[in-house]
Amino acid sequence: MPTSAKGKLYSARFQEGLLPELEGFSSSLEIDIELAPYDIAGSIAHARGLQAARLLTKAQLRSVEKGLKQVGKEIASGKFVFQESDEDVHTAVERRLTELAPDAGARLHAGRSRNDQVALDLRLYCRAASGALVSALAALIAALGEQARRHAATAMPGYTHLQRAQPITVGWHLLAHAEPLLRDAERVRHAYAFADLLPLGSGALAGSTLPLLRQRVADELGFSGLTANTMDAVADRDFALDLIYACASIAIHLSRLGEDLVLWASAEFGFIQLADRVATGSSLMPQKKNPDIAELIRGRSGRAIGSLMSLLLVLKGLPLAYDRDLQEDKIALFPAVENALDCLEAARLLVVNLAFDSERLAQGLGDPGLYATDTAEQLVGRGVAFREAHQRVAAAVREGRHQPLWGAERSLELRGLDTTSRVTALEAEVAELHQWASSHPPF
Ligand code: ARG
(Lines give C-alpha, C1' and ligand atoms only; values in the text may rest on other atoms or scores of the structure.)
Protein backbone atom coordinates (compact mmCIF):
# COMPACT_ATOMS: atom_id res chain seq x y z
CA MET A 1 0.00 0.00 0.00
CA PRO A 2 1.54 3.31 -1.01
CA THR A 3 1.67 5.78 1.84
CA SER A 4 1.39 9.55 1.60
CA ALA A 5 4.49 11.56 0.75
CA LYS A 6 3.91 13.60 3.90
CA GLY A 7 7.13 14.54 5.65
CA LYS A 8 9.16 14.45 2.44
CA LEU A 9 10.87 17.66 1.35
CA TYR A 10 9.09 17.28 -1.98
CA SER A 11 5.68 16.13 -0.63
CA ALA A 12 3.62 18.85 -2.35
CA ARG A 13 4.45 17.43 -5.78
CA PHE A 14 3.21 13.92 -4.89
CA GLN A 15 -0.20 12.48 -4.13
CA GLU A 16 1.16 9.27 -2.68
CA GLY A 17 4.42 8.26 -1.12
CA LEU A 18 7.15 5.84 -2.17
CA LEU A 19 6.27 2.16 -1.66
CA PRO A 20 7.28 1.23 1.89
CA GLU A 21 9.30 -1.65 0.41
CA LEU A 22 11.40 0.92 -1.47
CA GLU A 23 11.86 3.39 1.40
CA GLY A 24 14.72 1.39 2.87
CA PHE A 25 16.25 0.83 -0.55
CA SER A 26 16.28 4.56 -1.22
CA SER A 27 17.46 5.67 2.22
CA SER A 28 21.11 6.49 2.85
CA LEU A 29 20.61 7.58 6.45
CA GLU A 30 22.28 4.56 8.02
CA ILE A 31 25.54 5.51 6.29
CA ASP A 32 25.38 9.26 5.81
CA ILE A 33 24.46 9.98 9.43
CA GLU A 34 28.25 10.14 9.80
CA LEU A 35 28.06 13.38 7.83
CA ALA A 36 25.87 15.04 10.49
CA PRO A 37 28.58 17.27 12.01
CA TYR A 38 29.62 18.46 8.54
CA ASP A 39 26.01 18.91 7.42
CA ILE A 40 25.37 21.11 10.44
CA ALA A 41 28.56 23.14 10.05
CA GLY A 42 27.75 23.59 6.34
CA SER A 43 24.19 24.68 7.10
CA ILE A 44 25.33 27.22 9.69
CA ALA A 45 27.74 28.73 7.16
CA HIS A 46 25.02 28.75 4.48
CA ALA A 47 22.60 30.46 6.90
CA ARG A 48 25.19 33.12 7.73
CA GLY A 49 25.64 33.69 4.00
CA LEU A 50 21.86 34.04 3.57
CA GLN A 51 21.75 36.55 6.40
CA ALA A 52 24.59 38.57 4.88
CA ALA A 53 22.61 38.56 1.61
CA ARG A 54 19.56 39.82 3.54
CA LEU A 55 17.62 36.61 2.86
CA LEU A 56 17.42 35.86 6.59
CA THR A 57 17.00 38.37 9.40
CA LYS A 58 19.48 38.40 12.27
CA ALA A 59 16.81 36.90 14.56
CA GLN A 60 16.07 34.14 12.04
CA LEU A 61 19.78 33.38 11.73
CA ARG A 62 20.03 33.14 15.52
CA SER A 63 17.20 30.63 15.71
CA VAL A 64 18.65 28.59 12.82
CA GLU A 65 22.03 28.45 14.56
CA LYS A 66 20.52 27.59 17.92
CA GLY A 67 18.29 24.94 16.35
CA LEU A 68 21.10 23.36 14.32
CA LYS A 69 23.36 23.18 17.37
CA GLN A 70 20.56 21.47 19.26
CA VAL A 71 20.09 18.96 16.40
CA GLY A 72 23.85 18.30 16.47
CA LYS A 73 23.71 17.59 20.19
CA GLU A 74 20.71 15.28 19.81
CA ILE A 75 22.46 13.26 17.09
CA ALA A 76 25.80 13.09 18.95
CA SER A 77 24.13 11.95 22.18
CA GLY A 78 21.95 9.33 20.45
CA LYS A 79 18.76 11.12 21.56
CA PHE A 80 17.73 12.13 18.04
CA VAL A 81 14.41 10.54 17.09
CA PHE A 82 14.50 9.42 13.44
CA GLN A 83 11.35 9.25 11.35
CA GLU A 84 10.36 7.06 8.41
CA SER A 85 10.45 10.07 6.11
CA ASP A 86 14.10 10.93 6.98
CA GLU A 87 15.63 9.58 3.80
CA ASP A 88 19.09 10.97 4.39
CA VAL A 89 21.02 13.03 6.92
CA HIS A 90 20.15 16.29 5.15
CA THR A 91 16.42 15.56 5.33
CA ALA A 92 16.63 14.46 8.97
CA VAL A 93 18.55 17.56 10.08
CA GLU A 94 16.27 19.97 8.23
CA ARG A 95 13.10 18.22 9.41
CA ARG A 96 14.18 18.42 13.06
CA LEU A 97 15.39 22.01 12.68
CA THR A 98 12.02 22.99 11.28
CA GLU A 99 10.31 21.40 14.29
CA LEU A 100 12.53 23.43 16.62
CA ALA A 101 12.40 26.69 14.60
CA PRO A 102 9.46 26.45 12.16
CA ASP A 103 9.71 29.84 10.46
CA ALA A 104 13.48 30.26 10.27
CA GLY A 105 14.06 26.55 9.55
CA ALA A 106 11.79 26.72 6.52
CA ARG A 107 14.02 29.45 5.05
CA LEU A 108 17.35 27.64 5.36
CA HIS A 109 17.28 25.71 2.08
CA ALA A 110 17.00 28.89 -0.05
CA GLY A 111 19.57 28.84 -2.84
CA ARG A 112 20.62 25.30 -2.02
CA SER A 113 19.89 21.78 -3.27
CA ARG A 114 20.73 18.52 -1.58
CA ASN A 115 23.00 17.99 -4.57
CA ASP A 116 25.40 20.80 -3.68
CA GLN A 117 24.74 20.18 0.02
CA VAL A 118 25.93 16.56 -0.11
CA ALA A 119 28.93 17.61 -2.20
CA LEU A 120 29.79 20.14 0.50
CA ASP A 121 29.37 17.65 3.35
CA LEU A 122 31.54 15.12 1.59
CA ARG A 123 34.25 17.71 0.95
CA LEU A 124 34.23 18.68 4.62
CA TYR A 125 34.44 14.99 5.58
CA CYS A 126 37.38 14.45 3.20
CA ARG A 127 39.25 17.44 4.60
CA ALA A 128 38.83 16.16 8.16
CA ALA A 129 39.68 12.57 7.18
CA SER A 130 42.84 13.84 5.45
CA GLY A 131 44.03 15.41 8.70
CA ALA A 132 43.41 12.17 10.60
CA LEU A 133 45.16 10.09 7.93
CA VAL A 134 48.20 12.36 7.80
CA SER A 135 48.61 12.26 11.56
CA ALA A 136 48.25 8.44 11.65
CA LEU A 137 50.80 8.18 8.83
CA ALA A 138 53.17 10.49 10.70
CA ALA A 139 52.85 8.37 13.86
CA LEU A 140 53.73 5.16 12.00
CA ILE A 141 56.61 6.79 10.11
CA ALA A 142 57.95 8.08 13.43
CA ALA A 143 57.73 4.57 14.95
CA LEU A 144 59.60 3.10 11.97
CA GLY A 145 62.19 5.89 12.29
CA GLU A 146 62.74 5.15 15.99
CA GLN A 147 63.31 1.45 15.38
CA ALA A 148 65.50 2.29 12.40
CA ARG A 149 67.69 4.54 14.56
CA ARG A 150 67.95 1.81 17.20
CA HIS A 151 68.99 -0.69 14.52
CA ALA A 152 71.07 1.61 12.31
CA ALA A 153 74.04 -0.75 12.71
CA THR A 154 72.21 -4.09 13.03
CA ALA A 155 73.17 -5.98 9.87
CA MET A 156 70.83 -8.41 8.16
CA PRO A 157 70.64 -10.18 4.82
CA GLY A 158 68.80 -8.20 2.15
CA TYR A 159 66.68 -10.05 -0.41
CA THR A 160 65.62 -9.87 -4.01
CA HIS A 161 63.33 -12.58 -5.40
CA LEU A 162 63.19 -13.68 -1.74
CA GLN A 163 66.75 -15.01 -2.20
CA ARG A 164 69.68 -13.69 -0.16
CA ALA A 165 71.23 -10.81 -2.10
CA GLN A 166 73.49 -8.38 -0.18
CA PRO A 167 73.84 -7.31 3.45
CA ILE A 168 71.76 -4.36 4.58
CA THR A 169 70.78 -3.11 8.03
CA VAL A 170 67.53 -3.63 9.87
CA GLY A 171 67.30 0.16 10.06
CA TRP A 172 67.65 0.55 6.30
CA HIS A 173 65.00 -2.10 5.69
CA LEU A 174 62.57 -0.41 8.06
CA LEU A 175 63.20 2.93 6.36
CA ALA A 176 62.29 1.30 3.06
CA HIS A 177 58.82 0.83 4.54
CA ALA A 178 58.71 4.44 5.81
CA GLU A 179 59.44 6.07 2.42
CA PRO A 180 56.25 4.87 0.65
CA LEU A 181 54.21 6.07 3.62
CA LEU A 182 55.75 9.52 3.27
CA ARG A 183 54.62 9.49 -0.35
CA ASP A 184 51.15 8.42 0.83
CA ALA A 185 51.03 11.48 3.07
CA GLU A 186 51.61 13.58 -0.05
CA ARG A 187 48.82 11.69 -1.83
CA VAL A 188 46.46 12.48 1.05
CA ARG A 189 47.44 16.14 0.94
CA HIS A 190 46.78 16.25 -2.79
CA ALA A 191 43.33 14.75 -2.19
CA TYR A 192 42.79 17.42 0.48
CA ALA A 193 43.62 20.19 -1.98
CA PHE A 194 41.04 18.86 -4.47
CA ALA A 195 38.39 18.70 -1.72
CA ASP A 196 39.19 22.20 -0.52
CA LEU A 197 36.75 24.14 -2.74
CA LEU A 198 33.23 25.31 -1.87
CA PRO A 199 30.50 23.75 -4.07
CA LEU A 200 27.57 25.62 -2.45
CA GLY A 201 25.92 28.04 -4.81
CA SER A 202 25.79 25.37 -7.51
CA GLY A 203 22.21 24.47 -6.53
CA ALA A 204 20.78 21.36 -8.16
CA LEU A 205 23.04 21.82 -11.21
CA ALA A 206 22.59 25.35 -12.54
CA GLY A 207 23.22 27.80 -9.70
CA SER A 208 20.66 30.13 -8.18
CA THR A 209 18.86 33.37 -9.00
CA LEU A 210 19.41 34.47 -5.38
CA PRO A 211 22.30 36.83 -4.60
CA LEU A 212 24.34 34.20 -2.72
CA LEU A 213 27.66 35.30 -1.21
CA ARG A 214 29.76 32.29 -2.10
CA GLN A 215 33.14 33.72 -1.13
CA ARG A 216 31.82 34.66 2.27
CA VAL A 217 30.53 31.12 2.87
CA ALA A 218 33.85 29.70 1.63
CA ASP A 219 35.75 31.90 4.10
CA GLU A 220 33.41 30.84 6.88
CA LEU A 221 34.24 27.17 6.22
CA GLY A 222 37.94 27.79 5.59
CA PHE A 223 37.85 26.72 1.92
CA SER A 224 40.73 27.90 -0.22
CA GLY A 225 38.46 28.63 -3.20
CA LEU A 226 35.18 28.07 -5.06
CA THR A 227 34.24 25.36 -7.54
CA ALA A 228 34.13 26.88 -11.03
CA ASN A 229 31.29 25.04 -12.80
CA THR A 230 27.89 24.40 -11.19
CA MET A 231 27.30 21.14 -13.10
CA ASP A 232 30.76 19.75 -12.39
CA ALA A 233 30.43 20.75 -8.73
CA VAL A 234 27.42 18.45 -8.17
CA ALA A 235 28.77 15.63 -10.37
CA ASP A 236 32.40 15.62 -9.23
CA ARG A 237 33.61 12.99 -6.78
CA ASP A 238 37.26 13.09 -7.85
CA PHE A 239 38.33 14.41 -4.48
CA ALA A 240 36.77 11.33 -2.81
CA LEU A 241 38.28 9.04 -5.41
CA ASP A 242 41.72 10.54 -4.80
CA LEU A 243 41.37 10.07 -1.06
CA ILE A 244 40.26 6.45 -1.53
CA TYR A 245 43.23 5.92 -3.84
CA ALA A 246 45.52 7.30 -1.13
CA CYS A 247 43.86 4.88 1.35
CA ALA A 248 44.35 1.99 -1.08
CA SER A 249 47.97 2.96 -1.56
CA ILE A 250 48.46 3.04 2.23
CA ALA A 251 46.81 -0.38 2.52
CA ILE A 252 49.03 -1.85 -0.20
CA HIS A 253 52.17 -0.49 1.47
CA LEU A 254 51.07 -1.81 4.84
CA SER A 255 50.35 -5.21 3.28
CA ARG A 256 54.00 -5.35 2.19
CA LEU A 257 55.17 -4.43 5.68
CA GLY A 258 52.77 -7.04 7.10
CA GLU A 259 54.18 -9.66 4.73
CA ASP A 260 57.78 -8.92 5.77
CA LEU A 261 56.83 -9.28 9.42
CA VAL A 262 55.00 -12.57 8.76
CA LEU A 263 58.09 -13.94 7.00
CA TRP A 264 60.48 -12.69 9.66
CA ALA A 265 58.39 -14.25 12.44
CA SER A 266 58.51 -17.71 10.79
CA ALA A 267 60.92 -20.36 12.12
CA GLU A 268 62.52 -20.40 8.66
CA PHE A 269 63.64 -16.76 8.94
CA GLY A 270 63.45 -16.22 12.70
CA PHE A 271 64.55 -12.58 12.38
CA ILE A 272 61.99 -11.32 14.89
CA GLN A 273 60.38 -12.75 17.96
CA LEU A 274 56.74 -11.84 18.30
CA ALA A 275 55.93 -10.25 21.63
CA ASP A 276 52.95 -11.93 23.29
CA ARG A 277 51.08 -8.64 23.26
CA VAL A 278 51.01 -8.53 19.47
CA ALA A 279 50.59 -12.26 18.77
CA THR A 280 47.82 -14.83 18.98
CA GLY A 281 47.75 -18.57 19.63
CA SER A 282 46.01 -21.58 18.19
CA SER A 283 42.92 -23.17 19.70
CA LEU A 284 44.30 -26.57 18.72
CA MET A 285 48.10 -26.50 18.41
CA PRO A 286 49.65 -25.74 21.78
CA GLN A 287 53.02 -24.59 20.44
CA LYS A 288 51.70 -21.86 18.12
CA LYS A 289 52.35 -18.14 18.24
CA ASN A 290 50.88 -16.54 15.14
CA PRO A 291 51.42 -13.14 13.50
CA ASP A 292 47.66 -12.63 12.98
CA ILE A 293 47.83 -8.86 13.25
CA ALA A 294 50.36 -8.63 10.43
CA GLU A 295 48.27 -11.09 8.41
CA LEU A 296 45.12 -9.03 8.97
CA ILE A 297 46.91 -5.88 7.86
CA ARG A 298 47.99 -7.75 4.72
CA GLY A 299 44.48 -9.08 4.15
CA ARG A 300 42.67 -5.83 4.76
CA SER A 301 44.24 -4.32 1.65
CA GLY A 302 41.50 -6.22 -0.19
CA ARG A 303 38.85 -3.94 1.28
CA ALA A 304 40.74 -0.84 0.18
CA ILE A 305 41.02 -1.99 -3.41
CA GLY A 306 37.34 -2.96 -3.33
CA SER A 307 36.38 0.57 -2.28
CA LEU A 308 38.48 2.12 -5.02
CA MET A 309 36.98 -0.12 -7.71
CA SER A 310 33.50 0.45 -6.34
CA LEU A 311 33.61 4.26 -6.67
CA LEU A 312 35.39 4.13 -10.03
CA LEU A 313 32.59 1.93 -11.33
CA VAL A 314 29.85 4.16 -9.92
CA LEU A 315 31.36 7.12 -11.78
CA LYS A 316 31.98 5.34 -15.07
CA GLY A 317 29.62 6.60 -17.79
CA LEU A 318 27.47 8.58 -15.35
CA PRO A 319 25.69 11.43 -17.17
CA LEU A 320 26.05 14.98 -15.90
CA ALA A 321 25.07 16.47 -13.60
CA TYR A 322 23.87 14.84 -10.35
CA ASP A 323 22.51 11.28 -10.42
CA ARG A 324 21.33 9.31 -7.45
CA ASP A 325 24.02 6.70 -8.16
CA LEU A 326 26.35 9.18 -6.46
CA GLN A 327 24.79 8.27 -3.13
CA GLU A 328 26.97 5.15 -3.36
CA ASP A 329 30.10 7.31 -2.90
CA LYS A 330 29.86 7.15 0.87
CA ILE A 331 29.76 3.37 1.18
CA ALA A 332 33.03 3.34 -0.75
CA LEU A 333 34.67 6.27 1.02
CA PHE A 334 33.92 5.86 4.73
CA PRO A 335 35.09 2.25 5.13
CA ALA A 336 38.21 3.00 3.06
CA VAL A 337 39.19 5.80 5.44
CA GLU A 338 38.35 3.79 8.56
CA ASN A 339 40.22 0.76 7.24
CA ALA A 340 43.34 2.83 6.54
CA LEU A 341 43.22 4.45 9.99
CA ASP A 342 42.76 1.06 11.72
CA CYS A 343 45.57 -0.56 9.76
CA LEU A 344 47.96 2.37 10.37
CA GLU A 345 47.43 2.11 14.11
CA ALA A 346 47.76 -1.70 14.16
CA ALA A 347 50.96 -1.46 12.12
CA ARG A 348 52.34 1.19 14.48
CA LEU A 349 51.75 -1.11 17.45
CA LEU A 350 53.53 -3.96 15.67
CA VAL A 351 56.50 -1.74 14.82
CA VAL A 352 56.81 -0.34 18.35
CA ASN A 353 56.90 -3.91 19.69
CA LEU A 354 59.42 -5.34 17.21
CA ALA A 355 62.17 -7.44 18.82
CA PHE A 356 64.97 -8.64 16.52
CA ASP A 357 66.90 -11.88 17.08
CA SER A 358 70.55 -10.92 16.59
CA GLU A 359 71.74 -14.56 16.56
CA ARG A 360 69.45 -15.52 13.69
CA LEU A 361 70.39 -12.36 11.78
CA ALA A 362 74.10 -13.18 12.27
CA GLN A 363 73.50 -16.75 11.05
CA GLY A 364 71.99 -15.43 7.83
CA LEU A 365 74.91 -13.05 7.36
CA GLY A 366 77.32 -16.02 7.36
CA ASP A 367 76.25 -16.89 3.80
CA PRO A 368 79.31 -16.08 1.62
CA GLY A 369 77.08 -15.42 -1.38
CA LEU A 370 75.98 -12.13 0.22
CA TYR A 371 79.48 -10.75 -0.44
CA ALA A 372 79.95 -11.96 -4.02
CA THR A 373 78.92 -8.60 -5.49
CA ASP A 374 81.51 -6.85 -3.28
CA THR A 375 84.19 -9.24 -4.61
CA ALA A 376 83.24 -8.48 -8.20
CA GLU A 377 83.26 -4.74 -7.52
CA GLN A 378 86.67 -5.07 -5.87
CA LEU A 379 87.99 -6.56 -9.12
CA VAL A 380 86.44 -3.68 -11.06
CA GLY A 381 88.33 -1.30 -8.75
CA ARG A 382 91.52 -3.07 -9.81
CA GLY A 383 90.78 -2.47 -13.49
CA VAL A 384 88.92 -5.69 -14.44
CA ALA A 385 85.92 -5.17 -16.79
CA PHE A 386 82.68 -5.71 -14.85
CA ARG A 387 81.43 -8.53 -17.12
CA GLU A 388 84.75 -10.32 -16.69
CA ALA A 389 84.67 -9.79 -12.90
CA HIS A 390 81.08 -11.07 -12.75
CA GLN A 391 82.05 -14.25 -14.65
CA ARG A 392 85.07 -14.90 -12.48
CA VAL A 393 83.19 -14.56 -9.20
CA ALA A 394 80.18 -16.51 -10.53
CA ALA A 395 82.51 -19.38 -11.47
CA ALA A 396 84.07 -19.31 -7.99
CA VAL A 397 80.61 -19.39 -6.40
CA ARG A 398 79.52 -22.27 -8.66
CA GLU A 399 82.60 -24.29 -7.76
CA GLY A 400 82.26 -23.52 -4.08
CA ARG A 401 85.58 -21.66 -3.85
CA HIS A 402 84.38 -18.07 -3.46
CA GLN A 403 85.98 -16.53 -0.38
CA PRO A 404 84.39 -13.28 0.81
CA LEU A 405 86.91 -10.48 1.20
CA TRP A 406 85.15 -9.16 4.30
CA GLY A 407 82.03 -9.44 6.42
CA ALA A 408 78.81 -7.48 6.73
CA GLU A 409 80.28 -4.58 8.67
CA ARG A 410 82.90 -3.65 6.05
CA SER A 411 80.45 -4.32 3.23
CA LEU A 412 77.93 -1.89 4.76
CA GLU A 413 80.60 0.68 5.49
CA LEU A 414 81.74 0.63 1.86
CA ARG A 415 78.21 1.07 0.55
CA GLY A 416 77.50 3.92 2.95
CA LEU A 417 73.78 3.29 3.53
CA ASP A 418 73.33 6.07 6.07
CA THR A 419 70.32 5.10 8.18
CA THR A 420 70.96 7.66 10.92
CA SER A 421 71.05 10.72 8.65
CA ARG A 422 67.92 9.58 6.85
CA VAL A 423 66.12 9.10 10.19
CA THR A 424 67.08 12.65 11.19
CA ALA A 425 65.66 14.03 7.93
CA LEU A 426 62.57 11.86 8.37
CA GLU A 427 61.96 13.24 11.86
CA ALA A 428 61.77 16.75 10.42
CA GLU A 429 59.27 15.55 7.80
CA VAL A 430 57.20 13.83 10.51
CA ALA A 431 57.11 17.07 12.52
CA GLU A 432 55.94 18.94 9.43
CA LEU A 433 53.18 16.36 8.83
CA HIS A 434 51.98 16.64 12.44
CA GLN A 435 51.99 20.41 12.09
CA TRP A 436 49.92 20.17 8.89
CA ALA A 437 47.46 17.73 10.47
CA SER A 438 46.95 19.86 13.56
CA SER A 439 46.29 22.98 11.49
CA HIS A 440 43.44 21.22 9.70
CA PRO A 441 39.92 20.41 10.91
CA PRO A 442 39.53 17.57 13.43
CA PHE A 443 37.88 14.33 12.29
N1 ARG B 1 21.22 11.27 -0.30
C2 ARG B 1 21.73 11.79 -1.52
C3 ARG B 1 23.18 11.45 -1.72
O4 ARG B 1 23.80 10.99 -0.82
C5 ARG B 1 21.64 13.27 -1.57
C6 ARG B 1 20.31 13.72 -1.97
C7 ARG B 1 20.19 14.11 -3.35
N8 ARG B 1 19.01 13.45 -3.79
C9 ARG B 1 18.26 13.87 -4.81
N10 ARG B 1 17.22 13.20 -5.07
N11 ARG B 1 18.59 14.91 -5.51
O12 ARG B 1 23.72 11.61 -2.80
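Here, residue 1 is the first one in the sequence, and each next residue gets the next number. In listed order, ligands and their atoms are each counted from 1. What's counted below: heavy atoms across the whole structure, side chains too, no hydrogens, waters or symmetry copies.
Between Thr91 and Arg114 the shortest side-chain heavy-atom distance falls below 4.5 Å. For the pair Glu328/Ser28, no side-chain contact is recorded, criterion being any heavy-atom separation below 4.5 Å from C-beta on.
Heavy-atom proximity to Asn115, at under 4.0 Å, picks out these atoms of ligand 1: 7 (C), 9 (C), 11 (N). Residue-ligand proximity, Ser28 to ligand 1, at heavy-atom distances under 4.0 Å covers atoms 1 (N).
Below 3.5 Å of separation, one finds an N or O of Gln327 facing an N or O of ligand 1. Looking at Asp88 next to ligand 1, an N or O pair under 3.5 Å apart turns up.
Atoms CG and CD, on Leu137 and Glu186 in that order, are 10.5 Å from each other to the nearest 0.5 Å.
Contact analysis puts Lys330 in contact with ligand 1, with a non-hydrogen atom separation below 4.0 angstrom.
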Less than 3.5 Å apart, which donor and acceptor atoms pair up between the side chains of residues 237-249 and the rest of the protein, not counting sequence neighbours?
from   : atom 1 : to     : atom 2 : distance (Å)
Arg237 : NE     : Asp329 : OD2    : 2.6
Ser249 : OG     : Asp184 : OD1    : 2.6
Ser249 : OG     : Arg187 : NH1    : 3.4

Run the side-chain donor-acceptor check on residues 262-275: report pairs under 3.5 Å with partners two or more places apart or on a different chain.
from   : atom 1 : to     : atom 2 : distance (Å)
Ser266 : OG     : Leu263 : O      : 2.6
Ser266 : OG     : Phe269 : N      : 3.3
Gln273 : NE2    : Asp357 : OD2    : 3.0

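Nearest protein heavy-atom neighbour of atom 3 (C) of ligand 1: Tyr322 OH, 3.3 Å. In terms of protein heavy-atom proximity, atom 10 (N) of ligand 1 is nearest to Arg114 NH2, 3.8 Å.
Using a 3.5 Å distance cut-off with no hydrogens or angles, the side chains of Arg300 and Ser255 do not pair a donor with an acceptor.
Neither the backbone nor the side chain of Asp329 has a heavy atom within less than 4.0 Å of ligand 1.
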